[in-house]
There are 2 protein chains.
Amino acid sequence: MGASLKDVAARAGVSVRTVSNVVNDFPMVAPETRRRVQQALEELRYRPNAAARQLRAGRSGLIGLVIPEIDSPYFGELASLLVQTAQEHAWTLLVDQSNGDPERERRLLEGMSGQIIDGLIMSPWGLSPTDLRRSADAVPLVLLGEQDAAGLIDHVSVDSVLAATEATAHLIGLGRRRIAAIGVQPHLSNGTAEQRLTGYRQALRAARVAPDPALEVPVTALHRAEGARAMRRLLDGGHAPDAVFCFSDQLALGALRAALDYGLSVPRDLAVCGFDDIEDGRYATPSLTTVAPDKAEIARQALACLADRLKAGRPALGAADPGDAEAAAGAGDAPPPARRIVAAHRLVVRESTAGRSRRSTGTDRAV
Amino acid sequence: MGASLKDVAARAGVSVRTVSNVVNDFPMVAPETRRRVQQALEELRYRPNAAARQLRAGRSGLIGLVIPEIDSPYFGELASLLVQTAQEHAWTLLVDQSNGDPERERRLLEGMSGQIIDGLIMSPWGLSPTDLRRSADAVPLVLLGEQDAAGLIDHVSVDSVLAATEATAHLIGLGRRRIAAIGVQPHLSNGTAEQRLTGYRQALRAARVAPDPALEVPVTALHRAEGARAMRRLLDGGHAPDAVFCFSDQLALGALRAALDYGLSVPRDLAVCGFDDIEDGRYATPSLTTVAPDKAEIARQALACLADRLKAGRPALGAADPGDAEAAAGAGDAPPPARRIVAAHRLVVRESTAGRSRRSTGTDRAV
DNA sequence: TCTTCATGTTGCAACGTTGCATGCAACGTT
DNA sequence: AACGTTGCATGCAACGTTGCAACATGAAGA
C-alpha cells in the first residue's frame, strides 16, 4: 500500500486536510506551505486512493463496456474508439465480453451495475430491452445496436433498415436480380439481423424483384466460417445468386472466400456487399463493398448520452456553480425519456461490386 | 446510490454486522435470522459496494490491461482471451490503449498503478524495461512481448528469434532464395522486430543464402497499409523477391494485396509468410502461412504469473489457512526474481506458401 | 481597545465495509 | 449454585478521502 495523505501530512508537518487542499488545487493555501507539501508528495510518491475517493464522492470515473466479442473486428474497432473517446471525458473503460450469452449478460449487468462503475455501455445480443430494464437499476445504461428499446433505454445505432435498403438497391442497380442475403439470425434478440432483412426485402419489393426464400440464408454466428458455409450452401443447392448482401463484413469475407474457391469471379459472376466497414474488407482481394456505420459518431454519441445522464441523475455532489446545480435538480425530477440516437452511415463501393479493373490501386484508403 | 448494509439491517431488525455476516456466508448466523436478512437483502436489491470493500480489503479484483491498439486483430484476440481467462480468476479486466506512445504508456502505468487495480498487464511499445521498472511500483506488473526485461520484470512471450528462423527456413525449403523481410522497426523499444530480424538473418546464414540489405524493409506501423507500401517499394525498386517474411499478419495481408495488384501469383511467383495467426489470414485468398503464437497460453501464463505475485506480495489479508499464510509470508521476505516465460508457437503452413491447388477447402480450420 | 474581516489552517464526521473483541443468553458440567 | 462452554449477535474502529464548520492569526476599521 502506498503513502496516504496522513503520511504526507506527517512529513510536511501540516494537517491531512491541508495536504488534500494542495492535492486538489484549492486556492486557500499559502505558497510556502504548498511548496513544502508538494515536496513531501513527491518524496513519498503519493497517489490518491481511488477507492477512498469513490467512497466519498460516489463516483469512480470508470465506465463499463460489455460487448459480445472483443476480438471481432467490428467490436474491436468500436471498443478502440470508445476507449479513446472516453479519455476525453476523463473516463476509463472497463471492458468485458458476454459472448452473446444472455445469462452472462445479465450477470455482468447486475454485477457491474451500481458498483464501481458510473455508467454502462452495452451491446446486448441475448437480453431483450425489457430484461435489460429490469436488471439495470443503479447506473445509467446506454445500448449499442438495433434493438427496439422503445422509450425504455437510451440507445445508439445506425438506421439498419435504411442502410440495408441502400446496399440492396446498389446491387440491383448493377443489374443483378438473384440477390441473396446471408446473416439471418432468428434466435438473437438484438434485432440487427431482422432490420437488415427488412431493408433487403423492401429494396427488392421497391424494384419489383420477386423475393426467393431460398436466397435468405440463416447463420449461427457472424463469423467468416459461417459466411463461407452459407455461400457453399447456396452454390451447392443450385440457388446460385448473382449478388449477395451479407449482414456483416466477416460473413462477406467468408462468402467471398468460398465463392473464389468455387472458381467464381468476383464481381463478374457474383457481386458481394458487406456491412460494418472493417479494415480487413479494405484490403481483401477484391476489396469489399460495404455499409460503413460512422463508428466514431456512435462512440461519441454513446458517451455524450452517458455524460448527460450522469449530470442529470446525480445531484452533482459539491456543484461548483449553483445555477448549474439548480438546472440539474430540475432535470432530475422528471427523468428525461430514453433517447434513440441514430448515427450516420454510408455505402462504400469497392471492387467486390464494381466493374473496375482488378489491377487498381486497390483500396479507397491506400497510402 | 443503492441500499447499504445499514438499510438492510434496519429493515431486517438486526445489526449491520449480522447482515455483513449473511452476505459473506459466515457460519455463525441462526437459520431464522439468516432467512430474515436474506429477504431484506432481496427486497432492497442490495449490492455490496466495491469501493468500500476495496478500501477495507486493499484489493479490487480489477486487473489493468494496457495494449497499444485494441482494434488490431492480434491484440484483439489476445485481449479477448485475457478477459476470458481473467474470469476464471474472478478478475475483471480494465482495458486501456496506449497507441504505443511512451508518454501515454507512462501515464497509464503511473495512473493505474497503485490505484484501484490489483495488478497490471502491459504490452509496451514505447517504454524500455528500465523506464517501466521506475514507473511501476505499487502493483505487480507483467509484460507481454519480446523486450529483454533481463530480470527486472516478469514477462511472457514466444521465442521470436526461433520462430522467425523457422519461418524463414520454411521459405528456403521451398527453394526460394530472394527472401525479403518486411517489418523492421528501428524506432520501437519493444524488441519484437529486432528479434524477428535476427531470426530471419540466422536462417539465411545457416542456409548460406547471401543477405541483401535491400530486402530488409522498414515500416512505420504494423498495419496492412504499411505492408502494401513495403511490397510496392520492393517491386518498384527492382528488388523483386520470390518470398517474403512479414513480421505480422497484417503486414503480410497488405503485402499480399499489393503483390496481387501487381499481377503476381501467390505462392507461385511469391511465397508469403506472416506472424500472429490472426483470423483474417485463415480466410484470405490465398490463405496465409503464419507463425502461430499460442495466445491462449500467453493469456494463461500472464494471469497465472500475476496471481503468484499477488499471493506472495500481500500478506494475504485474513488468510483462511494459517499454513498458507505462513508460506506466503516466507516467500514475501525475498521477492522472487523476475520470470521470463516462453510460450509455445508453431508454424502453420497454408496456401500462401504451399504448392497446393487454389481450389482447396481453403482453411485449416474450416467448418 | 474591541470588533470585523480576509486569509490560512485544522478537526470532525461520514462514505460502506469488515476484523476484532466483546456481549449475552442458554446450556451442560462440577 | 457457580462455572465454563457454545452459539449468536453486536459495537467499535479503521481503511483514505473530502465537505463542512470552526479555528487561529494578523490587519484594517470603529
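Chain naming here is simple, since letters A, B, ... match the order of the sequence lines and numbering starts at 1 in each.
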Original post:
Hey, is the side chain of A/Thr18 poking within less than 4.0 Å of OP1 or OP2 on C/dT10, counting only N and O atoms?
Top reply: yes

Original post:
What is the distance, rounded to the nearest whole Å, between atom CD of B/Gln54 and atom P of C/dT18?
Top reply: 13 Å

Original post:
Less than 4.0 Å between a side-chain N and a carboxylate O, is that true for B/Glu297 and B/Arg300?
Top reply: no

Subject >> Gap between atoms CD1 and C1', on A/Ile116 and C/dT17 respectively (whole Å) >> reply: 13 Å

Subject >> Interatomic spacing from CZ in B/Arg45 to CD in A/Glu110 - rounded to 0.5 Å >> reply: 6.5 Å

Subject >> Phosphate-side-chain proximity, A/Ser20 and D/dT17, N/O vs OP1/OP2 below 4.0 Å >> reply: no

Original post:
Counting distance only, does the side-chain N/O of A/Gln54 pair as donor-acceptor with the main-chain N or O of B/Ala51 below 3.5 Å?
Top reply: no

Subject >> Selection from C/dT18, C/dG16, C/dT10 that lies nearest to any side-chain heavy atom of B/Asn24 >> reply: C/dT18

Subject >> Selected nucleotide, minimal atom distance to A/Tyr46 side chain, candidates C/dG16, D/dA9, D/dT17 >> reply: D/dT17

**OP:** Using only heavy-atom distances, decide whether a donor-acceptor pair under 3.5 angstrom links the side-chain of B/Arg17 to the base of C/dG19.
**Re:** yes

**OP:** Searching all strands shown, indicate the nucleotide that pairs with C/dT30 (Watson-Crick or G-U wobble; both distances under 3.5 Å).
**Re:** D/dA1

Original post:
Given atom CG of B/Asn21 and atom P of C/dG23, what is their separation to the nearest angstrom?
Top reply: 18 Å

**OP:** Grab the CZ-C1' distance between A/Phe26 and D/dT18 for me, whole Å please.
**Re:** 7 Å

**OP:** Ignoring the backbone of A/Arg53, work out which of C/dT17, D/dT18, D/dT10 is nearest its side chain.
**Re:** D/dT18

Subject >> Listed nucleotide nearest any side-chain atom of A/Arg56, set C/dC15, C/dT9, C/dT18 >> reply: C/dC15

Subject >> A/Lys6 side chain near D/dT17 phosphate (N/O to OP1/OP2, under 4.0 Å) >> reply: no

Subject >> Nucleotide nearest A/Asn49 (side chain, heavy atoms from C-beta), chosen from C/dT17, D/dA9, D/dG16 >> reply: D/dG16

Subject >> Length of the line joining B/Asp7:CG and C/dG16:P, which is rounded to integer Å >> reply: 8 Å

**OP:** Inspect the contact between B/Asp101 and B/Arg107 and indicate whether a charged nitrogen and a carboxylate oxygen are less than 4.0 angstrom apart.
**Re:** no

Original post:
Within the structure shown, what part of the strands sits under 4.0 Å from B/Val29 by heavy-atom distance: base, sugar-phosphate, or nothing?
Top reply: sugar-phosphate

**OP:** Tell me, with the steps shown, if B/Glu43 and B/Gln39 meet side chain to side chain donor-acceptor pair (under 3.5 Å).
**Re:** CA-CA 6 Å; B/Glu43 283 171 5; B/Gln39 182 171 350; 3.0 Å; yes

Original post:
If only side-chain N and O atoms of B/Ser15 are considered, is one of them under 4.0 Å from the OP1 or OP2 phosphate oxygen of D/dA9?
Top reply: no

**OP:** Assign each of B/Pro31 and A/Ala52 to its nearest nucleotide of DNA chain D by heavy atoms, then name whichever residue's nucleotide is nearer the 5' end.
**Re:** B/Pro31

Original post:
Ion pair present between B/Arg340 and B/Asp154, side-chain N to carboxylate O less than 4.0 angstrom?
Top reply: no

Original post:
Taking the side chain of A/Leu55 as its heavy atoms from C-beta onward, which of D/dG16, C/dT10, C/dG8 lies nearest to it?
Top reply: D/dG16

Original post:
Please give, in whole Å, the distance from D/dG11 P to B/Leu5 CG?
Top reply: 14 Å

**OP:** Let me know the distance between CZ of A/Arg47 and P of D/dT17, rounded to the nearest Å.
**Re:** 13 Å

**OP:** Give a yes/no answer on whether the side chain of B/Thr33 brings an N or O atom under 4.0 Å of OP1 or OP2 in D/dA9.
**Re:** yes

Subject >> Nearest-Å distance for atom pair CZ/C1', residues A/Arg36 and C/dT9 >> reply: 11 Å

Subject >> Selection from D/dA14, C/dT10, D/dC8 that lies nearest to any side-chain heavy atom of B/Ala30 >> reply: D/dC8

